[in-house]
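For reference, the structure discussed in these notes is given below.
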There are 2 protein chains.
Amino acid sequence: MQLDEAKSKFIQAWGALGSSWGVPRTMAQIHALLLVSPQALTTEEVMEALQISRGNANMSLRNLLDWGLVEKEVHMGERKEFFKAPKDTMYMAKQVAVQRKKRELEPMLRALQEVKEVEGNDKETQEFRSLISDIDGFARQSESMLNLFISSQQNWFMKAIMKLAGKQ
Amino acid sequence: MQLDEAKSKFIQAWGALGSSWGVPRTMAQIHALLLVSPQALTTEEVMEALQISRGNANMSLRNLLDWGLVEKEVHMGERKEFFKAPKDTMYMAKQVAVQRKKRELEPMLRALQEVKEVEGNDKETQEFRSLISDIDGFARQSESMLNLFISSQQNWFMKAIMKLAGKQ
DNA sequence: CTTTATTTTCAAATATTTTTGAAAGTTTAG
DNA sequence: CTAAACTTTCAAAAATATTTGAAAATAAAG
């Protein structure tokens, strides 16, 4: 397999992965493109490489900046902005963890808190409360786990988990 | 807050959570509805409660069965099928882990394997190979972690991780 | 076997999400 | 200041995903 073909397959696969996890396909593809590019690219180059519009390229790049998955770079004497993607996998995973925690886990915890306030003491209400507090407990444990991962040094978290394998 | 209002809020929140993780909103809502229902429900009852069509209810329930998040129940003397959702949070989380591993992690591992076969020894190709093998390493660690979680007893995995918190 | 209840299928309709592209906005150079 | 380079915005268009509903299939009852 030639490098170009391999890059293209990787870009497709990364796009598909994003898509099935609720990340717009193009945004994931741009991320992949920047990951496999030796140098930082301009908006024009991203548009050209993925055959997408300026608006799309611009918005997707801005979102990737928000996610902390892409960084801007200024080149001396050049007016355009260049974009590059940090290639450290653990760093990427932590950025994604930070964002999804903020965007999905925290709103869910708030919703569970609200719904806990339900009135009544009949059996059905008690069972409802019990379900909600089970889910809430799990959500809080997940939050702690994510915090541990996010604030851990480099590969510590994954290594520590691998070590748990024998102990169960 | 009244029980009905609380149930409805929970159903909405669960639907939104699913939606932002690539699970069809209605499928997640049906799951939530069954979680908060004291008894098993028929397709008719699901249609009525969520105001959705028969086709939608049927397909979503079938998918939930595939995911292992919903079970069929037969009632003596009744011809229709009844559906209920196991309310054990850890069990649910494990089912989701099994399915997402199969549907997204494994295809990604295969794609990475393919793309590793790239020919050439120039600097750019070497950097590409290095990126792919980093991502592959992380993906494999994730897979091991999921396997550990999936096959662990009850709450063992989460508890073990909580205990790691002080040790870093 | 025939009738009726129930479930499944799937093409078409609808809804939602993503993408486009042109106009407006901003920044830098001269 | 003015013009050119570049970026951002956003309404409309296109693409994609979801939902509908009626017809077909299946299963149970009589």
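Because the structure is predicted, anything quoted here is derived from the model rather than measured.
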Quiz item: So what does Arg62(B) hit on the nucleic acid, given a heavy-atom distance under 4.0 Å: a base, only sugar-phosphate, or nothing?
Solution: sugar-phosphate
Quiz item: Which one, dT17(C), dT9(D), dT8(D), comes nearest to the side chain of Arg25(B)?
Solution: dT17(C)
Quiz item: Can a salt bridge be assigned to the pair Lys9(B) and Glu114(A) using a cut-off of 4.0 Å between side-chain N and carboxylate O?
Solution: yes
Quiz item: Of the nucleotides dT7(D), dT20(C), dT18(C), which one has an atom closest to the side chain of Pro24(A)?
Solution: dT18(C)
Quiz prompt | OP1 or OP2 of dT7(C) under 4.0 Å from side-chain N/O of Asn58(B) | solution = no
Self-check item: Pairwise 5' ranking along DNA chain D for Gly55(B) and Thr43(A), keeping only the more 5' one
Solution: Thr43(A)
Self-check item: Atom pair distance, as rounded to whole Å: CG in Asn63(B) and C1' in dT8(C)
Solution: 13 Å
Quiz item: Taking the inter-plane angle between the rings of His31(A) and Trp14(A) on a 0 to 90° scale, is it parallel (under 30°), tilted (30 to 60°) or perpendicular (over 60°)?
Solution: tilted
Self-check item: His75(A) NE2 - dT28(C) P separation (whole Å)
Solution: 16 Å
Quiz item: When rounded to the nearest 0.5 angstrom, what is the spacing between CG in Asp136(A) and CG in Leu112(A)?
Solution: 5.5 Å
Quiz item: Which sits closer to the 5' end of DNA chain C, Val23(A) or Arg54(A), going by the nucleotide each is nearest to?
Solution: Val23(A)
Quiz prompt | Gap between atoms CD and C1', on Gln29(B) and dT19(D) respectively (whole Å) | solution = 13 Å
Quiz item: CD of Glu78(A) versus P of dT28(C): gap in Å, rounded?
Solution: 14 Å
Exercise. Would you give the length of the straight line joining atom CZ of Phe157(A) to atom CG of Leu148(A), rounded to the nearest 0.5 angstrom?
Key: 5.5 Å
Self-check item: Side-chain (Arg129(B)) to main-chain (Val118(B)) donor-acceptor, under 3.5 angstrom
Solution: yes
Quiz item: Under 4.0 Å: is that the gap between some side-chain N or O of Asn56(A) and OP1 or OP2 of dT20(C)?
Solution: yes
Quiz item: Could you give the NZ-to-P distance, from Lys72(A) to dC6(D), as a whole number of Å?
Solution: 14 Å
Quiz item: Can you tell me how far P of dT18(D) sits from CE of Met27(B), to the nearest Å?
Solution: 10 Å
Self-check item: Interatomic distance, Phe83(B) CZ vs dT6(C) C1' [rounded to whole Å]
Solution: 11 Å
Quiz item: How close or far is atom P of dA11(D) from atom CE of Met59(A), stated in whole angstroms?
Solution: 11 Å
Practice problem: Mind checking Glu44(A) for me? I need base, sugar-phosphate or nothing, with any heavy atom below 4.0 Å counting as a touch. | Solution: nothing
Quiz prompt | Given dT27(C), dT8(D), dT18(C), the nucleotide with the shortest approach to the side chain of Glu81(A) | solution = dT8(D)
Self-check item: Options dT19(C), dT7(C), dA5(C), nucleotide nearest the side-chain atoms of Arg79(B)
Solution: dA5(C)
